[in-house]
Amino acid sequence: MSKETRILIYGDSNSWGYLDDGLGRRFARRWPVEMLTLLSARHSVSVIEECLPGRTTNLPDPEMGAYFDGQMPLEALLRSHQPLDHILVMLGTNDLKARFNRTAEDIAAAVIGLAKMARSVPVGRGGWSSAEAPEVSVICPLIIGQKASDPGWERVAEWAGANKKSEALPLALQRACSAASVTMFDGNEFGQSSERDPIHWSEETHIRFGAGMAQAIQPYLN
């Protein structure tokens with residue numbers, strides 16, 4: 001019997017399952033669940049969801065709170081879920097908010113910082129004091145929708161300039177991942193942001209994204 005592959009997803013609202021309907025309810029078929037469902041048909045897999053709406057890469061949010069800083073709890077969370085075989089990091093969308101004044105390159109560097117931290121923590125197979133490092137991959141978030149630049153959208157000031165920055169993020173992140181020898185999956189291959197809410201996803205996108213990631217991650221399963 002093959003051993004179970006344990007995958008941890010470290011993300012924000014789009015991995016938590018917050019939909020584009022604005023109701024704030026967690027979608028039952030969010031992409032991590034859909035990915036797990038498809039992978040489980042052929043593999044022994046478990047998925048741990050460590051996803052927080054509003055989470056940044058490594059920034060305390062002056063409006064929402066310091067605990068949205070994705071770097072602060074990362075090591076403790078990884079250690080609490082040991083053993084881990086693969087960690088998927090999909091963050092950076094919230095860093096696009098105007099109040100953080102970050103470029104695509106700034107965000108890419110922050111994501112790589114998280115990936116390097118994650119693969120430096122010995123939470124893979126083995127005992128508590130002798131574990132291997134896990135595999136770590138980065139998922140580039142979806143480019144946010146054009147509505148983020150619409151003066152009629154109620155959150156336009158909060159996300160001013162975010163659309164153009166997010167368009168530049170896939171290339172910036174790919175370059176940063178290549179330099180750090182970190183595998184990147186471009187989420188834009190699996191879906192697109194909603195026309196109703198430029199930040200969050202539709203049900204259909206979650207389902208397609210989960211299917212795309214199930215196929216993309218299969219070669220990395222034990």
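No single ILVMFWY cluster, assembled from side-chain heavy atoms under 4.5 Å apart, contains both Leu114 and Leu88. Residues Val121 and Tyr10 fall within the same hydrophobic cluster, defined by Ile, Leu, Val, Met, Phe, Trp and Tyr side chains chained together at heavy-atom separations under 4.5 Å. Linking ILVMFWY residues whenever their side-chain heavy atoms come closer than 4.5 Å, directly or via other members, leaves Leu36 and Ile48 in distinct clusters. Each of Val111 and Ile9 belongs to its own hydrophobic cluster when Ile, Leu, Val, Met, Phe, Trp and Tyr are linked at side-chain heavy-atom distances under 4.5 angstrom. In this structure, Met213 is a member of the same hydrophobic cluster as Val47, with clusters built from ILVMFWY side-chain heavy atoms closer than 4.5 Å.
Note: Trp201 and His206 meet the aromatic proximity criterion, with ring centroids under 6.0 Å apart. Here Phe185 and Phe209 keep their ring centres 6.0 angstrom or further from each other.
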Between Leu78 and Leu8, is the side chain to side chain contact (heavy atoms under 4.5 Å, CB included) condition met? List the steps. CA-CA 8 Å; Leu78 297 181; Leu8 183 139; 4.1 Å; yes

Mind running salt bridge (charged side-chain N to carboxylate O under 4.0 Å, His left out) on Lys147 and Glu195 for me, showing each step along the way? CA-CA 7 Å; Lys147 191 174 181 179; Glu195 293 183 2; over 6 Å; no

Are Ser13 and His200 close enough, and set up right, to give a side-chain hydrogen bond (donor to acceptor under 3.5 Å, both in side chains), and what steps lead you there? CA-CA 8 Å; Ser13 59; His200 299 108; 3.0 Å; yes

Dump the intermediate steps for side chain to side chain contact (heavy atoms under 4.5 Å, CB included) on Glu63 and Phe68, then the final yes or no. CA-CA 10 Å; Glu63 297 185 16; Phe68 289 94; over 6 Å; no

Could you walk me through whether Ser166 and Asn163 pass the side-chain hydrogen bond (donor to acceptor under 3.5 Å, both in side chains) test, one step at a time? CA-CA 5 Å; Ser166 73; Asn163 178 258; 4.6 Å; no

For the pair Leu19 and Ser202, evaluate side chain to side chain contact (heavy atoms under 4.5 Å, CB included) and give the outcome as yes or no after the intermediate values. CA-CA 6 Å; Leu19 291 175; Ser202 67; over 6 Å; no

Could you go step by step and tell me if Ile107 and Asp95 meet the side chain to side chain contact (heavy atoms under 4.5 Å, CB included) rule? CA-CA 7 Å; Ile107 297 169; Asp95 292 45; 3.7 Å; yes

Determine whether Arg29 and Glu34 satisfy the following criterion, salt bridge (charged side-chain N to carboxylate O under 4.0 Å, His left out), listing intermediate values before the conclusion. CA-CA 6 Å; Arg29 291 183 69 182; Glu34 192 71 8; 2.9 Å; yes

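The closest donor-acceptor contact from the side chain of Arg119 to the backbone of Val136 lies at 3.5 Å or more, if one exists at all. Between the side chain of Asp85 and the backbone N or O of Arg6, at least one donor-acceptor pair lies under 3.5 Å. Panel note: side chain Ser15, backbone Cys51; no donor-acceptor pair is recorded below 3.5 Å. Distance alone, capped at 3.5 Å, places no donor-acceptor pair between the Thr57 side chain and the Gly92 backbone. Remark: the backbone N or O of Phe27 is paired with a side-chain donor or acceptor of Arg30 at under 3.5 angstrom. Between the side chain of Asp12 and the main chain of Pro53, no donor-acceptor pair closer than 3.5 Å is present.
A salt bridge links Glu158 with Arg155: the distance from a Lys NZ or Arg NE/NH1/NH2 to an Asp or Glu carboxylate oxygen falls below 4.0 Å. With respect to Glu75 and Arg79, a salt bridge is recorded, a charged nitrogen being found less than 4.0 Å from a carboxylate O. In summary, Arg26 and Glu49 engage in a salt bridge, as defined by a charged side-chain N under 4.0 Å from a carboxylate O.
Nearest heavy-atom pair across Ala98 and Ala157 is CB-O, 3.7 Å. Here the closest non-hydrogen pair linking Cys140 and Met90 is O-SD, 4.4 Å. Between Glu4 and Ser46, the shortest heavy-atom contact is OE1-OG, 3.2 Å. Between Ala176 and Ala108, the closest heavy-atom pair is CB-CB, 4.1 Å.
A heavy-atom distance below 4.5 Å is found between the side chains of Ile144 and Ile199. Taking 4.5 Å as the limit, every side-chain heavy atom of Pro198 sits out of range of all side-chain heavy atoms of Ser193. Using a 4.5 Å heavy-atom cutoff, the side chains of Lys3 and Arg125 are in contact. Looking at Asp21 and Arg196, their side chains come closer than 4.5 Å, going by heavy atoms from C-beta outward. The closest side-chain heavy-atom distance from Leu169 to Pro141 is below 4.5 Å. For the pair Asn14 and Trp16, the minimum side-chain heavy-atom distance is 4.5 Å or more. Residues Asn58 and Met72 have side chains not in contact (no heavy-atom distance under 4.5 Å, counting atoms from C-beta outward). Counting heavy atoms from C-beta outward, Phe100 and Asp61 have side chains that approach closer than 4.5 Å.
Side-chain contact, His86 with Ser137: a donor N or O sits under 3.5 Å from an acceptor N or O. Inspection of the Gln218 and His43 side chains reveals an N or O donor paired with an N or O acceptor under 3.5 Å.
Note that OG1 of Thr56 and CG of Leu96 are 11.5 Å apart. Values are rounded to the nearest 0.5 Å. Note: Leu221 CG to Arg42 CZ = 9.5 Å, rounded to the nearest 0.5 Å. From Asp20, atom CG reaches atom OG1 of Thr205 across 8.0 Å, with rounding to the nearest 0.5 Å. Taking NZ of Lys164 as the start and OG of Ser149 as the end, the distance is 8.0 Å to the nearest 0.5 Å. The CG atom of Asp186 sits 8.0 Å away from atom CZ of Phe190, with the distance rounded to the nearest 0.5 Å. Here CG of Leu173 is found 10.5 Å from CD of Glu105. Values are rounded to the nearest 0.5 Å.
Crowding of Gln192 atom CD: a count of heavy atoms from other residues, nucleotides or ligands under 6.0 Å not exceeding 12. The 12-atom threshold is not exceeded at CZ of Arg175, counting heavy atoms of other residues, nucleotides or ligands nearer than 6.0 Å.
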